[in-house]
Amino acid sequence: MSKSIDTAVSFVHKVKKWMSFIVLVLMTIIVSIAIVELGIILYLDIFDATDDVLFLEIDELFKIFGFFFIILIGFELVETVEMYFKENVIHAEVVLLVAVIAVSRKVILLDLEKYDPLAIIGLGVIILALGGCYWFIKQSYKVKSV
């Protein structure tokens with residue numbers, strides 16, 4: 001009975017490795033496509049013949065920065081899956097970094113006039129909580145290395 005359980009667990013681990021690999025490949029493809037799309041958007045916005053301004057306007061910059069942050073989140077997600085694929089462990093530091101980047105994107109693109117003040121306070125609390133968690137994780141690494 002023990003041998004069949006070991007065989008089943010081994011099979012599940014192999015399937016998980018393959019699923020992680022497939023997710024890694026798909027995430028890499030998605031991030032690559034997003035980078036190409038960002039390049040196209042940037043090119044079209046800069047060389048827009050109907051626009052009499054040579055440089056980008058504020059709304060175009062916000063759109064491009066938002067896209068840029070989405071790509072950064074994609075990079076971090078690829079790194080998370082890659083670490084899981086290599087070490088079979090999800091690192092909390094990387095997951096928190098993805099969350100910090102996502103919240104940063106939200107803050108940068110935030111239109112203060114559209115949101116209730118309580119929602120903005122809630123976003124501030126989230127930022128403080130994520131920063132505190134990240135600090136605690138970094139402190140735990142320092143303690144381990146000493």
Side-chain angles (χ1 to χ4, degrees), residues 1-49 51 55-112 114-116 118-146:
M1 184 70 170
S2 175
K3 186 169 174 115
S4 63
I5 291 174
D6 290 341
T7 305
V9 169
S10 175
F11 175 73
V12 168
H13 283 280
K14 286 179 185 176
V15 169
K16 261 178 38 176
K17 280 285 190 186
W18 275 104
M19 289 189 310
S20 300
F21 178 72
I22 291 169
V23 169
L24 182 63
V25 169
L26 292 174
M27 283 298 299
T28 304
I29 291 170
I30 290 169
V31 170
S32 301
I33 291 170
I35 290 170
V36 170
E37 189 171 348
L38 176 63
I40 292 170
I41 289 171
L42 190 58
Y43 176 80
L44 292 176
D45 282 346
I46 289 176
F47 297 108
D48 186 7
D51 193 5
F55 299 106
L56 298 173
E57 295 176 4
I58 296 295
D59 60 332
E60 294 169 334
L61 284 173
F62 275 124
K63 182 174 72 170
I64 289 169
F65 283 145
F67 216 102
F68 179 74
F69 273 107
I70 288 174
I71 290 171
L72 282 179
I73 291 169
F75 280 144
E76 292 300 326
L77 288 174
V78 166
E79 184 177 333
T80 302
V81 174
E82 184 180 350
M83 284 181 168
Y84 179 75
F85 184 69
K86 288 179 181 176
E87 302 171 14
N88 210 17
V89 173
I90 296 177
H91 292 271
E93 180 183 4
V94 179
V95 173
L96 275 172
L97 195 56
V98 170
V100 167
I101 292 171
V103 172
S104 300
R105 176 187 177 273
K106 182 69 176 174
V107 168
I108 289 172
L109 300 177
L110 188 68
D111 185 4
L112 294 175
K114 289 185 179 180
Y115 290 94
D116 184 38
L118 195 58
I120 296 171
I121 291 171
L123 192 58
V125 170
I126 291 172
I127 292 168
L128 289 174
L130 287 172
C133 289
Y134 192 77
W135 183 81
F136 279 124
I137 287 175
K138 284 297 196 181
Q139 292 301 315
S140 72
Y141 289 149
K142 287 180 183 177
V143 171
K144 287 179 185 177
S145 66
V146 173

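All of these numbers come straight from a predicted model, not from anything done at the bench. In what follows, residues are counted from 1 in the order of the sequence shown.
Between the CG atom of Leu77 and the CG atom of Leu24 there is a distance of 11.0 Å, given to the nearest 0.5 Å. Leu38 CG to Ile41 CD1: the interatomic distance, rounded to the nearest 0.5 Å, is 6.5 Å. With rounding to the nearest 0.5 Å, the separation of CD1 in Ile30 from CD1 in Ile33 is 7.5 Å. Rounding to the nearest 0.5 Å gives a distance of 10.0 Å between CD1 of Ile35 and CZ of Phe67.
Here Leu26 pairs with Ile22 under the side-chain contact (heavy atoms from CB on, under 4.5 Å) rule; sequence neighbours left out. Listed by chain and residue number, Tyr84 satisfy the side chain to side chain donor-acceptor pair (under 3.5 Å) test with Lys16 (two or more places apart in sequence, or in another chain). Residues satisfying the side-chain contact (heavy atoms from CB on, under 4.5 Å) test with Leu130, not counting sequence neighbours, are Leu96, Ala99, Val100, Val103, Ile126. Phe21 is linked by a ring pair (Phe, Tyr, Trp, His ring centres under 6.0 Å) to Trp18, Phe85, counting only residues two or more places apart in sequence or in another chain. With sequence neighbours left out, the side-chain contact (heavy atoms from CB on, under 4.5 Å) criterion links Val9 to Ile5, His13. In this structure, the side-chain contact (heavy atoms from CB on, under 4.5 Å) partners of Phe62, at least two apart in sequence or on a different chain, are Ile58, Leu109.
Applying the salt bridge (Lys or Arg N to Asp or Glu O under 4.0 Å) test to pairs two or more places apart or on separate chains, those with a residue in residues 126-139 are Glu93-Lys138. The list of salt bridge (Lys or Arg N to Asp or Glu O under 4.0 Å) pairs with a residue in residues 69-83, not counting sequence neighbours, reads Glu82-Lys86. Pairs of residues two or more places apart, or lying in two chains, that qualify as side-chain hydrogen bond (donor to acceptor under 3.5 Å, both in side chains) and include a residue from residues 96-108 are Lys106-Tyr115. Legend: salt bridge (Lys or Arg N to Asp or Glu O under 4.0 Å) pairs involving residues 62-74, not counting sequence neighbours, sorted by first then second residue: Asp45-Lys63. Under the ring-ring contact (aromatic ring centres under 6.0 Å, His included) criterion, the residue pairs touching residues 27-46 are Tyr43-Phe47, with sequence neighbours excluded.
Exactly one of Ile70, Leu72, Ile71 qualifies for a side-chain contact (heavy atoms from CB on, under 4.5 Å) with Phe68. That residue is Leu72.
Pairing each heavy atom of Ala92 with each of Ile137, the nearest pair is CB-CD1, 3.7 Å.
Applying the 6.0 Å contact sphere to CZ of Phe75 captures no more than 12 heavy atoms from other residues, nucleotides or ligands.
Of the possible polar contacts, none joining the Ser10 side chain to the Thr7 backbone as a donor-acceptor pair under 3.5 Å is found.
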